Amino acid sequence: MKLTVSNEGTTHIIAIEGWLDTKTSTELAEQLEKVPEDAGELILDVKEMEYISSAGLRQIVTAYKQMNGHMKIRGIRPEILDVMKMAGLDKKFTFED
């Protein structure tokens with residue numbers, strides 16, 4: 001997995017590439033800890049994410065809670081969205097292209 005971090009004003013963006021699973025979810029957790037408290041919004045750019053496990057889903061839920069719901073998921077692939085739907089998370093998150 002590769003993570004790329006950037007900012008657009010007060011929006012903090014983390015792009016996730018590859019597999020977000022048990023082995024790599026700790027890397028995302030470390031990046032989430034670095035999100036500034038004054039960040040207005042968090043965007044997880046997942047257009048290059050190929051796979052997500054339950055550990056990865058947990059990290060995304062943690063990010064959502066950390067940001068008090070001020071989070072969007074950008075560029076989600078249909079197969080990743082299907083996993084989120086099975087977990088009932090599609091109703092929680094805001095998705096954008």
Side-chain angles (χ1 to χ4, degrees):
M1 180 184 70
K2 178 182 174 188
L3 298 176
T4 305
V5 179
S6 62
N7 294 297
E8 292 176 3
T10 61
T11 299
H12 197 77
I13 303 166
I14 301 175
I16 305 168
E17 187 177 326
W19 285 40
L20 181 56
D21 58 16
T22 304
K23 291 181 182 179
T24 60
S25 64
T26 55
E27 292 174 49
L28 179 58
E30 290 169 7
Q31 283 302 319
L32 291 171
E33 289 176 11
K34 296 176 185 178
V35 174
E37 288 184 22
D38 63 346
E41 182 176 51
L42 172 66
I43 294 177
L44 296 180
D45 185 335
V46 298
K47 66 180 165 265
E48 299 297 327
M49 187 167 66
E50 300 168 1
Y51 172 82
I52 190 166
S53 71
S54 60
L57 289 172
R58 264 192 308 278
Q59 286 305 322
I60 290 177
V61 170
T62 297
Y64 180 83
K65 289 178 181 177
Q66 177 182 331
M67 295 302 298
N68 295 315
H70 297 238
M71 185 183 95
K72 292 180 182 172
I73 298 177
R74 178 184 288 170
I76 193 163
R77 293 177 178 203
E79 59 271 19
I80 303 295
L81 182 57
D82 287 345
V83 172
M84 289 193 171
K85 284 180 179 178
M86 284 189 281
L89 298 175
D90 60 311
K91 294 170 181 68
K92 273 265 193 235
F93 301 126
T94 301
F95 299 96
E96 66 179 29
D97 293 332

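Just so it is clear, the values below take in all heavy atoms, side chains as well, and ignore hydrogens, waters and symmetry mates. These numbers come from a predicted model, not from an experiment.
A donor-acceptor contact shorter than 3.5 Å is absent between the side chain of T22 and the backbone of A55. Using modelled atom types, no side-chain atom of E96 and backbone atom of K72 make a donor-acceptor pair closer than 3.5 Å. Formation of a donor-acceptor pair under 3.5 Å by the N68 side chain with backbone atoms of H70 is not found in this model. Side chain of R74 to backbone of V46: no donor-acceptor contact under 3.5 angstrom is found.
Atoms CG and CG, from L89 and L57 in turn, are 6.0 Å apart once rounded to the nearest 0.5 Å. Annotation: the span from L32 atom CG to T26 atom OG1 amounts to 11.5 Å, rounded to 0.5 Å. Going from atom NE2 of H12 over to atom CG of D38 covers 11.0 Å, rounded to the nearest 0.5 Å. Atom-to-atom distance recorded for K92:NZ and D90:CG is 11.5 Å, nearest 0.5 angstrom. Rounded to the nearest 0.5 angstrom, M49 CE and L44 CG are separated by 8.0 Å. Distance check: E27 CD to K2 NZ gives 12.5 Å after rounding to the nearest 0.5 Å.
No single ILVMFWY cluster, assembled from side-chain heavy atoms under 4.5 Å apart, contains both Y51 and F95. No continuous path of ILVMFWY side-chain contacts below 4.5 Å connects I13 to I73, so the two sit in separate hydrophobic clusters. Linking Ile, Leu, Val, Met, Phe, Trp and Tyr residues whenever their side-chain heavy atoms come within less than 4.5 Å leaves I52 and I43 in two separate clusters. Note: the hydrophobic cluster containing W19 does not contain I16 (ILVMFWY, side chain heavy atoms under 4.5 Å, direct or indirect links). The hydrophobic cluster containing M84 also contains M67, counting ILVMFWY residues as joined when their side-chain heavy atoms lie under 4.5 angstrom apart, directly or transitively.
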Review point. Stepwise, does the side-chain contact (heavy atoms from CB on, under 4.5 Å) test hold for R77 with E48?
Key: CA-CA 8 Å; R77 293 177 178 203; E48 299 297 327; 4.0 Å; yes
Practice item. Kindly determine whether E50 and E79 satisfy side-chain contact (heavy atoms from CB on, under 4.5 Å), including the steps that lead there. Key: CA-CA 9 Å; E50 300 168 1; E79 59 271 19; over 6 Å; no
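No side-chain heavy atom of F93 sits under 4.5 Å from any side-chain heavy atom of I76.
Nearest approach of M1 to L28, heavy atoms of both residues: CE-N, 4.2 Å.
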